[in-house]
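A quick write-up on the structure given underneath.
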Amino acid sequence: MPTEIQYTKKALKGRDALNSNERAIIEALEQDLRETAGKPLGRGWHNLGPVRQYGADAYHCHFTKNKVALWRILDDGKGNTRIVICRFEYVGTRGKAPY
């Protein structure tokens, strides 16, 4: 099932502020999201899990000790092709995370 990765403006700004090591980790997370349709459970991501206050299809993980990523899984079921969209809504420090 094809999976597309998107970023909100706020998340893109947070991703652009990461150093090269953190950026490489985010790219690995993006690849895992593509391979697992947005749910890379059991792949070793630290504190990976749902964010219940954002709904059933919102997830987060800590990709370093103090950095987190929050994304939603959207389903674009247009036509015969089902596309899963993973939209990052926050990338940044744990203390400023919106949950």
Side-chain angles (χ1 to χ4, degrees):
M1 172 174 354
T3 302
E4 181 180 318
I5 304 295
Q6 297 178 351
Y7 283 84
T8 62
K9 288 181 183 181
K10 182 178 182 177
L12 190 59
K13 185 177 178 181
R15 186 189 75 173
D16 291 344
L18 298 175
N19 65 38
S20 61
N21 291 336
E22 294 166 339
R23 178 82 57 102
I25 295 170
I26 282 291
E27 289 171 2
L29 176 59
E30 289 176 6
Q31 185 60 36
D32 269 358
L33 293 175
R34 283 186 193 96
E35 293 172 1
T36 61
K39 299 178 184 178
L41 303 172
R43 291 201 171 203
W45 293 101
H46 189 62
N47 290 340
L48 173 73
V51 182
R52 300 204 192 286
Q53 59 265 43
Y54 281 103
D57 288 334
Y59 293 87
H60 85 292
C61 77
H62 297 207
F63 59 93
T64 68
K65 183 178 179 181
N66 198 34
K67 302 282 180 149
V68 299
L70 169 71
W71 66 93
R72 288 183 195 262
I73 301 172
L74 308 171
D75 185 5
D76 183 13
K78 294 180 181 176
N80 294 334
T81 307
R82 181 168 177 235
I83 299 173
V84 174
I85 300 171
C86 295
R87 181 184 304 144
F88 282 90
E89 298 199 354
Y90 179 78
V91 175
T93 61
R94 197 172 70 180
K96 295 182 181 178
Y99 58 84

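Just so it is clear, the values below take in all heavy atoms, side chains as well, and ignore hydrogens, waters and symmetry mates.
- The distance from the CG atom of L29 to the CZ atom of R34 is 10.0 Å, given to the nearest 0.5 Å.
- Using cut-offs of 30° and 60° for the angle between ring planes, the H62 and H46 rings count as perpendicular.
- Nearest heavy atoms, R23 versus D16: NH2-CA, 3.2 Å.
- With rounding to the nearest 0.5 angstrom, the CD1 atom of I5 is 5.5 Å from the CD atom of E30.
- Under a 3.5 Å cut-off, the side chain of R72 and the backbone N or O of Y54 do form a donor-acceptor pair.
- Nearest heavy atom pair, residue V91 against residue A11, reads CB-O, 3.9 Å.
- Annotation: side chain of V84 is in contact with side chain of I73 (closest heavy-atom distance under 4.5 Å).
- Closest approach of L33 and P40 over heavy atoms only: CD2-CD, 3.5 Å.
- Here the closest non-hydrogen pair linking A37 and T3 is CA-OG1, 3.6 Å.
- For the pair L18/F63, a side-chain contact is recorded, criterion being any heavy-atom separation below 4.5 Å from C-beta on.
- Counting heavy atoms from C-beta on, the side chains of K10 and E89 never come closer than 4.5 Å.
- Here the closest heavy-atom approach between residue G38 and residue C86 is recorded as CA-SG, 3.4 Å.
- Here the CH2 atom belonging to W71 is positioned 6.0 Å from the CZ atom belonging to F88, to the nearest 0.5 angstrom.
- Summarising the geometry, atom CG belonging to D57 is positioned 12.0 Å from atom CZ belonging to R87; distances are rounded to the nearest 0.5 Å.
- Proximity of a side-chain donor or acceptor of E22 to a complementary backbone N or O of N19 within less than 3.5 Å is detected.
- The structure places NZ of K13 at 11.5 Å from OG1 of T8, a figure rounded to the nearest 0.5 Å.
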I would like to know whether K96 and Y90 meet side chain to side chain contact (heavy atoms under 4.5 Å, CB included); could you show each step before the answer? CA-CA 9 Å; K96 295 182 181 178; Y90 179 78; 3.4 Å; yes
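- What you find for V68 and T93 is that their closest heavy atoms are CG2-O, 4.1 Å.
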In sequence, state the C-alpha distance, the side-chain angles, and the governing distance for Q31 and E27, and then conclude on side chain to side chain donor-acceptor pair (under 3.5 Å). CA-CA 6 Å; Q31 185 60 36; E27 289 171 2; over 6 Å; no
